[in-house]
Amino acid sequence: MTGSHHFEVVAWRADRRLTLYVPGIEASTTVDDPRAADDAVRELIADLTGFPSEDITCEIRLGRPWRSGA
């Protein structure tokens, strides 16, 4: 996978699910199984951008998309 389109993804646990937020396109999705996170977020990005999912790479980090008190 060459990953000609790279996206940062922020993930956090909420209600027994993993929320995945892509700041670059201001979109999110959720998964029940963290092992499905990469595929789910790449499909979300592909659906919204039209990029082929095989050309998308993601760097998923745990955190929140905002900082309190900053």
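Residue numbers run from 1 in the order of the sequence given.
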Exercise. Any idea which heavy atoms bring Ile45 and Cys58 closest together, and the distance?
Worked result: CD1-SG, 3.8 Å
Problem set entry | side-chain contact (heavy atoms from CB on, under 4.5 Å) partners for Leu48, two or more places apart | Ile25, Ala27, Leu44
Exercise. Can you tell me how far the CD atom of Glu8 sits from the CZ atom of Arg61, to the nearest 0.5 Å?
Worked result: 7.5 Å
For this session: Please report the shortest heavy-atom distance between Val10 and Pro23, naming the atom on each side.
Result: CG2-CG, 4.3 Å
For this session: Quick one: pull up CG in Leu20 and OG1 in Thr30 and give me the separation to the nearest 0.5 Å.
Result: 8.0 Å
For this session: Specify whether Phe51 and Phe7 have parallel, tilted or perpendicular ring planes, treating 30° as the upper limit for parallel and 60° as the lower limit for perpendicular.
Result: tilted
Exercise. Hey, is CZ on Arg13 packed in by over 12 heavy atoms from elsewhere, all under 6.0 Å?
Worked result: yes
Seminar exercise, completed: Sorted by chain and residue number, the side-chain contact (heavy atoms from CB on, under 4.5 Å) partners of Glu26 (sequence neighbours excluded) come out as Tyr21
Problem set entry | Val9: which of Asp38, Val22, Thr29 passes side-chain contact (heavy atoms from CB on, under 4.5 Å) | Val22
For this session: For Ser53 and Arg42, work out which heavy atoms get closest and say how close.
Result: O-NH1, 2.6 Å
Problem set entry | Shortest non-hydrogen separation from Ala36 to Val31 and the atoms involved | O-CG1, 4.2 Å
Problem set entry | N/O donor-acceptor pair under 3.5 Å between Asp15 side chain and Arg17 backbone | no
